[in-house]
Amino acid sequence: MNEIKFIDLFAGIGGVRIALENQEFKCVFSSEINDACIKTYERNFGEKPFGDITKINEKEIPNHNILAGGFPCQAFSSAGLQKGFDDTRGTLFFEILRIAKEKNPEVLLLENVKNLKYHNKKRTLDTMIKHLEELGYFVKWEILNAKDFGVPQNRERIIIVASKKKPFDFSKINKTQKNVKIKDILDEEHQDMKFLEPSEYILIDDNHIKTQSSGLIFVGYRDKPIRINGARPNTEHLSRVHKQCNRIYSSEGTHPTLSSSEIGGRYHIYHNGKVRKLTLNECFKLMGFPDSFKKNGSNGESYRQIGNSVAIPMIQAVAEQIKEQLF
Ligand SMILES: C[S@@+](CC[C@H](N)C(=O)[O-])C[C@H]1O[C@@H](n2cnc3c(N)ncnc32)[C@H](O)[C@@H]1O
């Protein structure tokens with residue numbers, strides 16, 4: 001088989017790139033607008049991504065077999081479905097269409113938040129599908145969860161595969177049967193870990209602890225001030241629980257989705273009878289990043305970068321089937 005070439009759009013810190021390179025696909029072009037991400041990417045791949053994709057002439061992008069990108073989600077006008085190609089103009093999805101129209105790659109592999117499915121009363125996804133079909137692609141999509149791919153994180157994402165040859169079959173994707181837990185990826189205990197004092201949290205009664213279908217095991221919450229406003233009578237004490245950053249999860253289960261907005265890295269776990277913050281390194285492991293990956297920038301910046309990235313084993317499993325079914 002000839003080398004399979006891909007382009008890495010909205011490249012971030014290169015999570016998608018690692019997944020595709022692990023399938024021996026070759027990256028021939030990358031684009032990313034954020035300076036801090038660009039630095040991290042350059043450090044790891046020895047290549048500086050081109051900047052703002054809206055400023056790049058599609059004719060100058062090298063030929064490729066796969067266009068890959070986890071693009072930011074933006075709404076289309078309510079008239080979206082009726083209008084032509086133009087109604088996506090000004091959105092980042094338009095940039096993907098513009099490049100696909102010119103370069104005609106066999107496959108597009110797109111990743112986004114699960115909510116894209118419902119976004120703008122489902123118009124956003126419908127409009128995307130319609131425009132990809134107009135370019136001659138079969139379009140299939142599925143919501144996949146990182147926890148089914150060997151990383152203990154409940155992270156649901158929509159994956160869209162558009163292909164020229166035949167429709168992609170998501171049912172063939174290899175999910176791991178292994179039930180991986182947070183405790184399986186934890187670092188050895190060390191002195192820089194941030195433990196909470198027992199007075200700083202409240203553990204819930206054992207009888208009320210249950211494993212949720214997502215694999216999360218909620219065991220307690222940080223003892224932060226109670227917010228009375230808006231709380232129903234007798235539930236005021238639970239107002240702390242409503243904030244994700246106050247929740248504590250057992251290391252015997254999976255971890256909630258890492259978010260790009262949690263730049264303080266306030267993810268707390270209960271492990272070996274103690275509560276502590278997850279380390280930055282552990283966050284990278286929850287996304288399946290290799291130990292060799294070089295972080296870059298402040299801690300806050302790194303938490304943002306990893307929260308924006310992808311669970312590598314999940315993308316890799318999709319890439320494996322793209323290779324199998326479409327090349
Ligand atoms: C959801 S993140 C994708 C992260 C990536 N998949 C990873 O593994 O790190 C979307 C990325 O698109 C970038 N972006 C937004 N607008 C852009 C533009 N006009 N040109 C290039 N990149 C852009 C953002 O800076 C962000 O890093």
Side-chain angles (χ1 to χ4, degrees), residues 6-23 25 27 29-45 47-58 60-61 66-75 88-100 108-116 119 124 128 144 146 149 151 153 155-161 257-263 280 283-290 292-297 300-319:
F6 71 95
I7 61 169
D8 192 13
L9 301 183
F10 311 102
I13 57 171
V16 169
R17 178 167 177 153
I18 297 177
L20 300 195
E21 285 186 344
N22 285 347
Q23 283 302 317
F25 300 169
C27 185
F29 174 87
S30 54
S31 152
E32 169 56 53
I33 200 168
N34 176 277
D35 284 339
C37 287
I38 290 175
K39 284 201 184 93
T40 309
Y41 195 99
E42 195 175 6
R43 251 191 109 188
N44 283 280
F45 303 101
E47 168 193 315
K48 186 172 179 183
F50 287 80
D52 186 352
I53 194 67
T54 65
K55 305 269 179 342
I56 295 169
N57 182 340
E58 60 273 21
E60 281 162 20
I61 294 179
I66 303 174
L67 179 159
F71 59 106
C73 172
Q74 293 159 300
T88 60
R89 207 172 279 278
T91 72
L92 291 166
F93 182 70
F94 174 78
E95 305 302 320
I96 291 173
L97 287 177
R98 171 174 73 82
I99 295 165
L108 280 79
L109 166 57
L110 309 176
E111 184 258 3
N112 215 300
V113 293
K114 178 188 175 184
N115 195 44
L116 176 64
H119 198 242
T124 303
M128 287 175 179
L144 297 178
F149 296 89
V151 284
Q153 186 188 169
R155 186 184 188 87
E156 291 186 291
R157 287 291 183 265
I158 188 169
I159 300 292
I160 304 170
V161 178
T257 306
L258 299 185
S259 148
S260 61
S261 55
E262 186 39 69
I263 57 169
L280 186 55
C283 290
F284 275 76
K285 286 199 263 182
L286 277 184
M287 290 292 226
F289 272 66
S292 56
F293 191 83
K294 300 180 196 90
K295 301 175 195 67
N296 199 43
E301 191 49 59
S302 289
Y303 278 119
R304 200 185 65 74
Q305 292 177 1
I306 195 62
N308 238 340
S309 190
V310 290
I312 293 174
M314 188 175 102
I315 302 296
Q316 199 174 317
V318 178

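Scope of the values below: all heavy atoms of this structure, side chains included, with no hydrogens, waters or symmetry mates. Numbers for residues simply follow the sequence, beginning at 1. Each ligand, and each atom within it, is numbered from 1 in the order the structure gives.
- Contact of the E21 side chain with the F45 side chain is registered, since non-hydrogen atoms from C-beta on lie closer than 4.5 Å.
- Annotation: I263, atom CD1; neighbour count of heavy atoms from other residues, nucleotides and ligands within 6.0 Å does not exceed 12.
- Salt bridge annotation for R304-E301: present, with a cationic side-chain nitrogen under 4.0 angstrom from a carboxylate oxygen.
- Here L9 has no heavy atoms under 4.0 Å from ligand 1, in either its backbone or its side chain.
- Contacts with ligand 1 closer than 4.0 Å are made by no heavy atom of S260, backbone or side chain.
- I56 is listed as a side-chain neighbour of I53, based on a closest heavy-atom distance under 4.5 Å.
- Close approach of ligand 1 to N308 (heavy-atom distance below 4.0 Å) involves ligand atoms 1 (C), 2 (S), 3 (C), 4 (C).
- The N/O atoms of Q305, backbone and side chain alike, include none that comes under 3.5 Å of an N/O atom in ligand 1.
- Ligand 1 places these atoms under 4.0 Å from at least one heavy atom of D52: 18 (C), 19 (N), 20 (N).
- Shown in contact with I33 at under 4.0 Å from a heavy atom are these atoms of ligand 1, numbered in order with element: 14 (N), 15 (C), 16 (N), 17 (C), 18 (C), 19 (N), 20 (N), 21 (C), 22 (N), 23 (C), 25 (O).
- Residue E32 has at least one N or O atom closer than 3.5 Å to an N or O atom of ligand 1.
- Within ligand 1, the atoms closer than 4.0 Å to a non-hydrogen atom of N34 are 25 (O), numbered from 1 in the order shown.
- With hydrogens and angles disregarded, no donor-acceptor distance shorter than 3.5 Å links the side chain of N112 to the backbone of I158.
- In this structure, S31 contributes its side chain and F10 its backbone to no donor-acceptor pair below 3.5 Å.
- By the 4.5 Å heavy-atom criterion applied to side chains, D8 and L20 are not counted as neighbours.
- Proximity to S309 (heavy-atom distance under 4.0 Å) selects the following atoms of ligand 1: 7 (C), 8 (O), 9 (O).
- Protein heavy atom nearest atom 9 (O) of ligand 1, with residue, atom name and distance: I13 N, 2.9 Å.
- Nearest to atom 5 (C) of ligand 1 by heavy-atom distance, out of A11, G70, G15, is A11.
- No side-chain heavy atom of M287 sits under 4.5 Å from any side-chain heavy atom of I312.
- The single protein non-hydrogen atom nearest to atom 12 (O) of ligand 1 is F10 CB, 3.3 Å, given as residue, atom name and distance.
- Ligand 1 places these atoms under 4.0 Å from at least one heavy atom of V16: 6 (N), 8 (O).
- Annotation: L92 places no N or O atom under 3.5 Å from an N or O atom of ligand 1; distance criterion only.
- Each of the atoms 21 (C) of ligand 1 lies under 4.0 Å from some heavy atom of S31.
- Distance from atom 20 (N) of ligand 1 to its nearest protein heavy atom, with residue and atom name: I53 N, 2.9 Å.
- Ring geometry for F50 versus F29: interplanar angle under 30°, hence parallel rather than tilted (30 to 60°).
- Taking the six-membered ring for Trp and thresholds of 30 and 60 degrees, F289 and F293 have ring planes more than 60 degrees apart, a perpendicular arrangement.
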